[in-house]
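None of these values were measured; they are calculated from a predicted model. In what follows, every heavy atom counts, from backbone to side chain, and hydrogens, waters and symmetry copies are set aside.
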Amino acid sequence: MTRYLKQINLLIIFLFCSFKLFSLPFVNQNYNYFVDLPEGYQIEEIDENFTSMMFSHPNIPVSFVMKIYEDKKSDSKTILTNALTKLNANFMIDSFSWQGLKTSISDFTMSLDKKYAGWSLCVPLQKKDSYLVMLCYTDEKNKQNCEQFILSSLNSLIINNNIYEGPIVSYAFPKGQKQEINLQIGKSKIKTHIDKNDAEASQFLVDMEFGVFSLYVNHPLWKEAWQRYYRQIYCDSFSRLDKAATDIILQLKKDCKKSNNIELEIGRELLAWVQSFYYSRNVENKFSSDFSPLPTILLGAGSDCDSRSMLLCLFAKKMGIESILLISREYKHAIAAVEFDAQGQKYSPPESDREFLLGETTADVTWGVIAQDHADRAKWIPVYLP
């Protein structure tokens, strides 16, 4: 997460110097939060302390507002109530726990120059007695068409450098009971669990983000939108699979303890495991994503290259190893690239001299081996994961 934020901070400096450029992921280090907004937002208003800002979108009739409140005597529900009341909005507020914090949410309508409708959130921040209020709205007549875009914008919030499912999906799919999973990875038998709501919640997130990404198919920022699509899925999956990934890695470490390169040996076991999954594209209709949510893979559902590769990247992160998801429009394919210390075909990011060993998940090959007709590095798009 730290390396990812450092890269973004350099872009943010350029963004604010340019003021009304297409928006990039926004980081506020003073209050330790981050929003990975859909591509194309432009800054309309901002105060000198970055505590109040408003964004608009040139292609989608949506406005996005963020404002910091500092109040020693209030909570998230009171803060959001006061903010919406000042706008003469009609609203009903609900509260829920997100990352152990009392978070408040409301859909609302309000009349300014015309009638608007949207959703709002209020989240406590790491800085004591500080709260972030976020509003995303459109013309009332457009709300249904813009709903996924609005919810995706709000759901992209990350606080305290914690890669966690977004607040909107957490509200819609609260944690339930444990769902036990028994896995066989090589010779290792692993018993673990996920939450019973994880598969449905992840599918909801994938469908929502695919709906947003679909708006960019013919847009100049299609590549950036594609990268964000995968980042959002990864962030949603990361904490959902925390227990399972931890259990898997701990068991594999025990079973690979005699290896001279334990990390690489675990990587080989994991690569062979995902290669053994049965092939399936998760397509219900032409308007739905074909990405298989990661929790469903652990439950035995079919998968393809992008979900398998992301799963490997997630495991690498859990081991403290950097990874990159590589996607290609020309090849219609995805592979994992992990910073393993081994020989083989590698990928070096354009801005770095670091090398990432390539992992092909749909053929029975080891790390560092990919098909010759997929070897043109210029045709791979890197997705840097938090």
Handout entry: Worked check of side-chain contact (heavy atoms from CB on, under 4.5 Å) between I381 and W226
Key = CA-CA 9 Å; I381 299 170; W226 201 15; 3.9 Å; yes
Under a 3.5 Å distance rule, please check whether [X] uses its side chain to pair with a backbone N or O of [Y] as donor and acceptor.
X    : Y    : value
D75  : T78  : yes
S309 : L325 : no
Q227 : P382 : yes
R228 : L37  : yes
S152 : Q148 : no
D195 : N197 : yes
S307 : D304 : yes
N49  : T51  : no
K346 : A342 : yes
T138 : P61  : yes

With a cut-off of 6.0 Å (strictly less than), are more than 12 heavy atoms of other residues, nucleotides or ligands near [atom1] of [X]?
X    : atom1 : value
E180 : CD    : yes
D364 : CG    : no
Q184 : CD    : yes
Q345 : CD    : yes
K115 : NZ    : no
N218 : CG    : no

Value rounded to 0.5 Å, distance of [atom1] in [X] from [atom2] in [Y]:
X    : Y    : atom1 : atom2 : value
L264 : L357 : CG    : CG    : 7.5 Å
L154 : F149 : CG    : CZ    : 11.0 Å
Y116 : C136 : OH    : SG    : 13.0 Å
N182 : T192 : CG    : OG1   : 9.5 Å
K253 : I262 : NZ    : CD1   : 8.0 Å
I194 : L298 : CD1   : CG    : 6.0 Å

Practice task
Apply side-chain contact (heavy atoms from CB on, under 4.5 Å) to Y229 and V212, showing your working.
Solution key: CA-CA 8 Å; Y229 165 72; V212 173; over 6 Å; no
Can you label the angle between the [X] ring and the [Y] ring as parallel, tilted or perpendicular, going by 30° and 60°?
X    : Y    : value
W273 : F315 : tilted
F64  : Y41  : tilted
W380 : Y331 : tilted
W98  : Y164 : perpendicular

Handout entry: For Y33, the option from V123, V27, I159 that meets side chain to side chain contact (heavy atoms under 4.5 Å, CB included)
Key =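 Going through V123, V27, I159 one by one, the side chain to side chain contact (heavy atoms under 4.5 Å, CB included) with Y33 is satisfied by I159 alone.
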Handout entry: Given I248, L250, I249, the one that forms side chain to side chain contact (heavy atoms under 4.5 Å, CB included) with L252
Key =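 Going through the options one by one, the only one that passes is I248.
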So does [X] pair up with [Y], basic N to acidic O under 4.0 Å?
X    : Y    : answer
D247 : K191 : no
K318 : D242 : yes
E265 : R268 : yes
R240 : D198 : yes
K175 : E165 : yes

Near-ring test [Y]/[X], centroid separation under 6.0 angstrom:
X    : Y    : answer
Y234 : F238 : yes
F291 : F210 : no
F96  : Y171 : yes

Exercise for the section: Before giving the answer on side chain to side chain donor-acceptor pair (under 3.5 Å), spell out for Q203 and T296 the whole-Å C-alpha distance, their side-chain angles and the decisive distance to 0.1 Å. Expected result: CA-CA 9 Å; Q203 186 65 63; T296 68; 5.9 Å; no
Indicate the atoms forming the closest heavy-atom contact of [X] with [Y], along with that distance.
X    : Y    : result
A337 : L326 : CB-CD1, 4.0 Å
I297 : G302 : CG1-O, 4.5 Å
S120 : L84  : OG-CD1, 3.7 Å

Are [Y] and [X] linked, directly or through intermediate hydrophobic residues, by side-chain heavy-atom contacts shorter than 4.5 Å (ILVMFWY only)?
X    : Y    : value
F91  : M110 : yes
I266 : V369 : no
V365 : Y347 : no
F50  : V65  : no
L294 : L205 : yes

Practice task
Quickly, which of R308, H333, Q275 forms a side-chain hydrogen bond (donor to acceptor under 3.5 Å, both in side chains) with E360? Name it, please.
Solution key: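 Result for side-chain hydrogen bond (donor to acceptor under 3.5 Å, both in side chains) with E360: H333.
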Exercise for the section: Sort and list the pairs that fulfil salt bridge (Lys or Arg N to Asp or Glu O under 4.0 Å) and have at least one residue in residues 334-345, not counting sequence neighbours. Expected result: E339-R354
Problem - side chain to side chain donor-acceptor pair (under 3.5 Å) between S74 and Y69, intermediate numbers included - result: CA-CA 10 Å; S74 295; Y69 291 86; over 6 Å; no
Handout entry: Contacts of Y137 that satisfy side chain to side chain donor-acceptor pair (under 3.5 Å) - sequence neighbours left out
Key =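 Not a single residue meets the side chain to side chain donor-acceptor pair (under 3.5 Å) criterion with Y137.
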Exercise for the section: Start with the C-alpha gap between D47 and S52, add the side-chain angles, then the distance that decides, and say whether side chain to side chain donor-acceptor pair (under 3.5 Å) holds. Expected result: CA-CA 6 Å; D47 68 2; S52 179; 5.0 Å; no
Exercise for the section: Report yes or no: is the cationic atom of R329 (NZ for Lys, CZ for Arg) closer than 6.0 Å to the six-membered ring centre of W222, at no more than 45° off its axis? Expected result: yes
Exercise for the section: Applying side-chain contact (heavy atoms from CB on, under 4.5 Å), run through K178 and K196 and close with a yes or a no. Expected result: CA-CA 6 Å; K178 295 179 182 178; K196 279 196 172 181; over 6 Å; no
Practice task
Ignoring hydrogens and angles, state whether a donor on the side chain of Y31 or E70 is under 3.5 Å from an acceptor on the partner side chain.
Solution key: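 Note: Y31 and E70 side chains meet the donor-acceptor criterion.
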Problem - Worked verdict on S292 versus S303 for side chain to side chain donor-acceptor pair (under 3.5 Å) - result: CA-CA 6 Å; S292 298; S303 60; 5.7 Å; no
